[in-house]
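The block underneath contains the structure these notes are about, expressed in structure tokens.
The figures that follow rest on heavy atoms only: side chains count, while hydrogens, waters and symmetry mates do not.
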Amino acid sequence: MVAIIDYGAGNLMSVKKALDFIGAKSSITADKDEIKNASHVILPGVGSFGDAMAAMERNALTQTVKDAALSGKPFLGICLGLQLLFSESDESPGIKGLSLLSGKISRIPKKDGLKVPHMGWNSVSLRQSGGIFKNIPDNSCFYFVHSYYLNSADETAVAGVTEYGVEIQCAVQRGNLCAVQFHPEKSGEIGLELLKNFLRSEER
């Protein structure tokens, strides 16, 4: 069973519909025991970094999310769910994130006529070819919607990058813990393949 964490700030149904489509059993849940007992955990997210952390605290889920990410079971952050794995974001100064990985969340600079938020399809250059990217061709395109991005992350954890005025570290993968800035559930067949790879992952 896949637990899709409902902390009050996520695009939950689109993720669940994608999992339903590929035949995976999943549950949108805020129940601590259900999250703890799930075989796989997904942390989705839309909205602001500060609002999401406040919602997580308000629903007493912060430690539960940290425990799930550190448990050894497959854990996937999506979009804001990637950013929340880090300690802080320029979007919400002074707000502490989950601090599970090292890196910086910065605002995408407005330059070269590029619009912010970054919205649409972009190719992803792979730094890791296994895990959630197994059998996914380098420079495959995924769908993005975001104004803030990861940079200065530990290079050993960076699994993919894209370009939008600056280099964006758009995927991380370390052991059981992985996250993507793009939306696999909105990225067609290649996104579904990434989700299937995630589901094939086993607890470590």
Side-chain angles (χ1 to χ4, degrees), residues 9-11 14-15 18 42-55 75-134 136-174 177-195 197-198:
N11 59 326
S14 60
V15 175
I42 294 178
L43 179 68
V46 294
S48 81
F49 187 96
D51 288 347
M53 286 307 304
F75 184 103
L76 174 65
I78 295 176
C79 196
L80 182 60
L82 173 144
Q83 297 176 18
L84 296 173
L85 299 180
F86 296 84
S87 59
E88 58 187 346
S89 171
D90 286 349
E91 184 176 22
S92 306
I95 302 297
K96 194 74 169 175
L98 296 171
S99 302
L100 293 166
L101 294 169
S102 62
K104 184 178 180 182
I105 305 299
S106 304
R107 181 169 177 82
I108 298 173
K110 292 183 178 180
K111 63 178 185 179
D112 302 327
L114 296 174
K115 294 182 179 180
V116 178
H118 169 209
M119 185 180 299
W121 296 83
N122 257 44
S123 62
V124 173
S125 175
L126 297 182
R127 299 283 177 84
Q128 298 182 25
S129 58
I132 58 173
F133 290 108
K134 184 177 181 180
I136 290 179
D138 193 16
N139 295 313
S140 292
C141 289
F142 294 88
Y143 188 77
F144 290 79
V145 183
H146 64 120
S147 299
Y148 293 81
Y149 73 103
L150 171 65
N151 65 97
S152 304
D154 180 348
E155 287 291 339
T156 63
V158 175
V161 299
T162 192
E163 293 282 340
Y164 193 75
V166 293
E167 183 180 82
I168 292 169
Q169 295 170 335
C170 62
V172 292
Q173 191 165 236
R174 171 167 287 165
L177 180 61
C178 53
V180 293
Q181 181 62 63
F182 52 80
H183 288 272
E185 76 282 7
K186 297 179 180 179
S187 297
E189 288 295 327
I190 206 73
L192 294 178
E193 186 62 29
L194 185 148
L195 290 174
N197 283 335
F198 171 67

[X] [atom1] to [Y] [atom2] distance, which is reported to the nearest 0.5 Å:
X      : Y      : atom1 : atom2 : answer
Phe198 : Leu76  : CZ    : CG    : 5.0 Å
Ile108 : Ser147 : CD1   : OG    : 6.0 Å
Glu193 : Ser140 : CD    : OG    : 10.0 Å

Identify the heavy atoms of [X] and [Y] that sit nearest to each other, and give their distance.
X      : Y      : answer
Val15  : Pro44  : CG2-CB, 4.3 Å
Val116 : Pro109 : CG2-O, 4.2 Å
Gln169 : Ser152 : OE1-N, 3.3 Å

| request: Could you please spell out the steps behind the side chain to side chain contact (heavy atoms under 4.5 Å, CB included) verdict for Ile136 and Phe142? | output: CA-CA 11 Å; Ile136 290 179; Phe142 294 88; 4.3 Å; yes
| From CA spacing to verdict: side chain to side chain contact (heavy atoms under 4.5 Å, CB included), Asn139, Ser125 | CA-CA 5 Å; Asn139 295 313; Ser125 175; 3.9 Å; yes
Is the shortest side-chain heavy-atom distance between [X] and [Y] below 4.5 Å?
X      : Y      : answer
Met53  : Leu98  : yes
Leu101 : Leu150 : no
Phe75  : Leu43  : yes
Val46  : Val145 : no
Tyr149 : Arg107 : no

For residues 81-95, which side-chain donor-acceptor pairs fall under 3.5 Å, sequence neighbours excluded?
from: Gln83; atom 1: NE2; to: Tyr148; atom 2: O; distance (Å): 3.1
from: Gln83; atom 1: NE2; to: Gln181; atom 2: OE1; distance (Å): 3.0
from: Ser89; atom 1: OG; to: Glu91; atom 2: N; distance (Å): 3.1
from: Glu91; atom 1: OE1; to: Phe49; atom 2: N; distance (Å): 3.1
from: Ser92; atom 1: OG; to: Gly50; atom 2: N; distance (Å): 2.8

| field | Partner of Pro184 by side-chain contact (heavy atoms from CB on, under 4.5 Å), out of Ile42, Ile132, Ile78, Asn197 | value |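 The option that passes is Ile78.
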| said: Using only atom types and a distance under 3.5 Å, with no angle test, would you say the side chain of Gln173 pairs donor to acceptor with the backbone of Gln128? | reply: no
| task | Would you check if the side chain of Ser187 reaches a backbone N or O of Ile190 as a donor-acceptor pair within less than 3.5 Å? | result | no
| request: Would you indicate whether Lys186, at its atom NZ, is surrounded by more than 12 heavy atoms from other residues, nucleotides or ligands within a distance under 6.0 Å? | output: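 More than 12 within 6.0 Å, yes.
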Please report, to 0.1 Å, the donor-acceptor pairs under 3.5 Å made by any side chain of residues 156-167, with sequence neighbours excluded.
from: Thr156; atom 1: OG1; to: Asp154; atom 2: OD1; distance (Å): 2.8
from: Thr156; atom 1: OG1; to: Asp154; atom 2: OD2; distance (Å): 3.1
from: Thr156; atom 1: OG1; to: Arg174; atom 2: NH2; distance (Å): 2.7
from: Thr162; atom 1: OG1; to: Asn122; atom 2: ND2; distance (Å): 3.1
from: Thr162; atom 1: OG1; to: Ser123; atom 2: O; distance (Å): 2.7
from: Tyr164; atom 1: OH; to: Lys115; atom 2: N; distance (Å): 3.3
from: Tyr164; atom 1: OH; to: Lys115; atom 2: O; distance (Å): 2.6
from: Glu167; atom 1: OE2; to: Arg127; atom 2: NH2; distance (Å): 3.2

| Evaluation steps, side chain to side chain contact (heavy atoms under 4.5 Å, CB included), between Phe144 and Val124 | CA-CA 11 Å; Phe144 290 79; Val124 173; 4.0 Å; yes
